[in-house]
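Chain identifiers are assigned alphabetically (A, B, ...) following the order of the sequence lines, protein sequences preceding nucleic acid strands; residue numbering begins at 1 within each chain.
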Amino acid sequence: MKITAAAQAHKPLSLSDPDGFKYLLITLTLAIIGLFLVLPLATVLTEAFAKGWLTYRDSLTNPDTLAAIRLTLLTALITVPLTTVFGVCAAWAIARFEFSGKNLLLTLIDLPFSVSPVIAGLIYVLVFGAQGWFGDWLSEHDIKIIFAVPGIILATLFVTFPFVARELIPLLQEIGHEEEEAALSLGAGPWKMFFKITLPNIKWGLLYGVLLCNARAMGEFGAVSVVSGHIRGLTNTLPLHVEVTYNEYDFVGSFAGASLLAGLAVVTLVIKTFLEWRQAQDLKAARVASE
Amino acid sequence: MSIILNNISKQFGDFTALANINLDIPEGELVALLGPSGCGKTTLLRIIAGLEHADRGQVFLKGNEVTDQPVKKRQIGFVFQHYALFRHMTVFDNIAFGLRVKPKKERPNETEIKKKVHALLNLVQLDWLAGRFPEQLSGGQRQRIALARALAVEPSVLLLDEPFGALDASVRKDLRLWLRHLHHELNVTSIFVTHDQEEAMEVASQIVVLNKGHVEQQGSPSDIYDHPANAFVSRFIGHTNVFELGQQDTFWLKNSGLPTPETGKVAHVRPHNIELEKATDEGAQAILKDWQHLGALIRVELHNKDADGGAVTLFAEMPNEQFKALQIDKGDRVAVRIRHAHWFH
């Protein structure tokens with residue numbers, strides 16, 4: 001009896017108990033999200049449609065905007081596959097092999113996360129720019145990297161490098177390599193092993209990394225801004241186009257571009273939630289399977 | 001000879017996993033690689049499979065040197081301790097995998113694959129599970145499916161890494177016997193790794209005892225039990241009493257008509273080689289401290305004060321009936337006779 005009394009005396013201290021506190025926290029969180037996330041998003045849309053649907057459509061279909069969209073898609077199209085391949089290779093090397101300098105490699109992969117994107121852009125200017133290390137050689141051979149598309153792609157590659165690798169390393173480590181060894185022992189070659197056993201096991205995690213990588217590739221501003229040179233219709237990606245039009249007081253044009261990026265974000269968010277759910281299921285299956 | 005290992009050595013950093021292993025394994029045997037954990041048995045199995053490479057030495061399978069061949073060319077079947085079933089495939093697809101990844105000209109068509117997979121599923125008595133996924137199976141079922149998958153490619157050698165290690169005790173007992181019978185049926189040369197001497201004795205037709213990267217002894221279970229090559233094997237296989245040769249021990253051995261020990265040697269005596277009777281004289285006696293019922297056998301725990309006054313414990317085992325006939329119980333004084341002893345340094 002004494003124990004029960006003591007337990008009851010303790011109850012009000014339990015974290016889950018006071019409903020009032022719970023709802024206060026939830027309301028507070030919603031208010032912050034509303035104020036700092038939903039409201040700006042709504043502003044983007046209202047501003048974009050401020051002068052009607054037609055103006056919105058026109059500002060999205062004018063040649064400069066179309067060029068910016070094309071360049072953004074092109075950049076994503078080139079960088080995403082490259083970082084995917086690199087990410088899988090790096091993750092494989094780190095999760096499957098023991099070698100000295102492994103931690104150093106991990107740190108290097110993480111470097112783009114810790115370096116300011118502006119620095120990322122700047123290093124390429126220093127290396128490939130007119131006054132850079134290879135500047136003379138490049139101009140002699142008439143190769144343009146800075147203030148041109150290759151520079152934008154290089155800068156985007158730099159900032160998107162870690163996404164896929166970072167996603168796959170813990171996943172590969174969790175899954176282990178017994179299934180892969182089993183495939184080899186059954187007569188599969190390394191490629192068949194990878195495509196029939198490893199890839200199906202990591203596909204959701206891989207898609208997750210690719211999705212985040214794609215969102216970053218399309219939305220990157222800082223690094224690209226440094227190397228782009230903001231040449232209208234040539235080296236402006238969509239985020240740069242938003243800035244340029246805004247600075248020129250073309251608010252509809254600017255917010256119309258922003259609405260596309262916001263739309264991309266929403267789509268990314270939805271797919272991301274789905275992938276996270278799938279991945280959690282796979283990991284659960286992995287744990288059950290190895291028990 | 002089906003498997004020949006010639007001078008296999010393997011280092012992991014400073015740790016010597018295997019040191020100059022030489023082994024001949026005849027065709028059709030079911031061999032247990034037995035040893036305490038860390039003795040190198042799993043590493044040796046993985047070297048035979050080609051999942052690991054030896055620093056030195058050669059591996060021969062069926063007379064062909066395979067030392068430098070990759071796993072896929074060795075024609076082995078490997079069963080993993082944690083089954084390693086492909087989690088995204090059904091049981092059927094798991095077993096069919098080895099057939100489907102064969103090069104085009106050797107690959108059977110889907111009807112043949114279907115026939116073969118169902119034959120294997122019947123062999124492991126799990127045909128009704130063909131459509132399930134691995135996570136829906138019990139541990140014992142997973143292990144049998146893993147075995148069926150390994151057998152699908154008709155391996156010349158079957159390698160099993162602690163095949164019963166992750167299973168419940170009761171399931172393990174059933175599967176041991178089942179594996180032995182299956183081996184009789186298929187007669188494919190098989191090696192399994194275990195740290196459980198009882199399992200090795202029960203299942204294997206030959207046992208290789210490994211310790212610290214060396215082969216201590218190779219032989220049939222009865223060979224190894226009755227004629228252990230050294231103190232390690234004697235201690236590791238079955239129970240044994242170690243006589244450090246105090247006064248009392250020497251008296252017992254002499255009294256039992258066994259040769260006088262050389263100095264520096266110890267005697268190992270199996271519990272069933274100790275005979276007891278009710279003590280009649282005041283000579284060498286021990287006190288029956290306790291006894292346990294082990295089913296068909298009774299284990300008797302004897303205490304004996306040695307010269308320094310410390311207590312030495314001795315275990316004897318005898319059939320039920322024999323124990324009853326002796327009419328002895330806790331606290332009685334008994335005389336000890338030793339039927340047979342092994343001498344080791």
Side-chain angles (χ1 to χ4, degrees), chain A residues 88 92 95-103 167-168 170-208 274-291, chain B residues 12-13 45-46 48-52 69-89 93-103 106-107 133-139 142 145-155 157-161 166-168:
Chain A
V88 172
W92 189 276
R96 290 287 179 262
F97 300 117
E98 286 304 322
F99 53 92
S100 47
K102 193 159 149 174
N103 280 330
E167 190 58 38
L168 289 185
L171 191 60
L172 281 171
Q173 280 168 341
E174 169 94 15
I175 289 171
H177 61 282
E178 272 203 345
E179 283 179 52
E180 288 158 5
E181 287 185 338
L184 292 178
S185 78
L186 289 167
W191 290 110
K192 273 190 179 157
M193 176 200 81
F194 180 76
F195 284 105
K196 285 181 185 259
I197 304 301
T198 313
L199 198 58
N201 279 340
I202 63 168
K203 64 172 181 258
W204 297 113
L206 182 64
L207 281 177
Y208 185 90
F274 170 75
L275 290 178
E276 273 169 356
W277 172 74
R278 277 307 319 222
Q279 231 187 320
Q281 299 237 306
D282 277 6
L283 279 183
K284 216 171 82 191
R287 274 185 210 118
V288 172
S290 62
E291 254 165 28
Chain B
F12 290 114
L45 193 77
R46 290 172 62 85
I48 299 171
L51 292 169
E52 204 97 53
Q69 273 185 11
V71 199
K72 66 176 274 195
K73 295 230 171 108
R74 293 196 186 189
Q75 262 210 304
I76 49 107
F78 201 97
V79 177
F80 294 82
Q81 184 180 0
H82 296 286
Y83 330 119
L85 293 176
F86 306 133
R87 69 194 79 175
H88 61 288
M89 294 183 194
D93 291 335
N94 262 280
I95 299 175
F97 184 86
L99 302 170
R100 287 181 177 152
V101 297
K102 279 180 189 276
E106 296 167 33
R107 196 185 309 161
F133 283 90
E135 63 184 78
Q136 298 168 304
L137 309 183
S138 72
R142 282 182 208 175
I145 297 300
L147 192 62
R149 181 179 69 178
L151 290 173
V153 291
E154 289 172 16
V157 174
L158 188 61
L159 305 169
L160 306 101
D161 184 14
L167 298 170
D168 294 340

Apply salt bridge (Lys or Arg N to Asp or Glu O under 4.0 Å) to B:Glu106 and list each qualifying residue two or more places apart in sequence or on a separate chain. none

Side chains of B:Met89 and A:Ile197: closer than 4.5 Å at any heavy-atom pair? yes

Could you check whether any side-chain heavy atom of A:Glu181 comes within less than 4.5 Å of a side-chain heavy atom of B:Phe80, counting everything from C-beta outward? yes

Check this for me: B:Lys73, atom NZ, are more than 12 non-hydrogen atoms of other residues, nucleotides or ligands nearer than 6.0 Å? no

At their closest point, which heavy atom of [X] faces which heavy atom of [Y], and how far apart are they?
X: B:Arg149; Y: A:Leu186; value: O-CD2, 3.4 Å
X: A:Ala182; Y: B:Ala84; value: CB-O, 3.9 Å
X: A:Asn201; Y: B:Arg87; value: OD1-CG, 3.5 Å
X: A:Lys192; Y: B:Arg107; value: NZ-NH2, 4.2 Å

Under a 4.5 Å heavy-atom cut-off, does chain A meet the side chain of B:Phe97, its backbone, both or neither? side chain

Given a strict heavy-atom distance threshold of 4.5 Å, which part of B:Ala146 is in contact with chain A: side chain, backbone, both, or neither? neither

Residues forming a ring-ring contact (aromatic ring centres under 6.0 Å, His included) with A:Tyr208, sequence neighbours excluded: none

About how many Å separate CG of B:Asn94 and CD of A:Glu179, when rounded to the nearest 0.5 Å? 8.0 Å

How far does CZ of B:Phe86 sit from CD of A:Glu180, to the nearest 0.5 angstrom? 10.0 Å

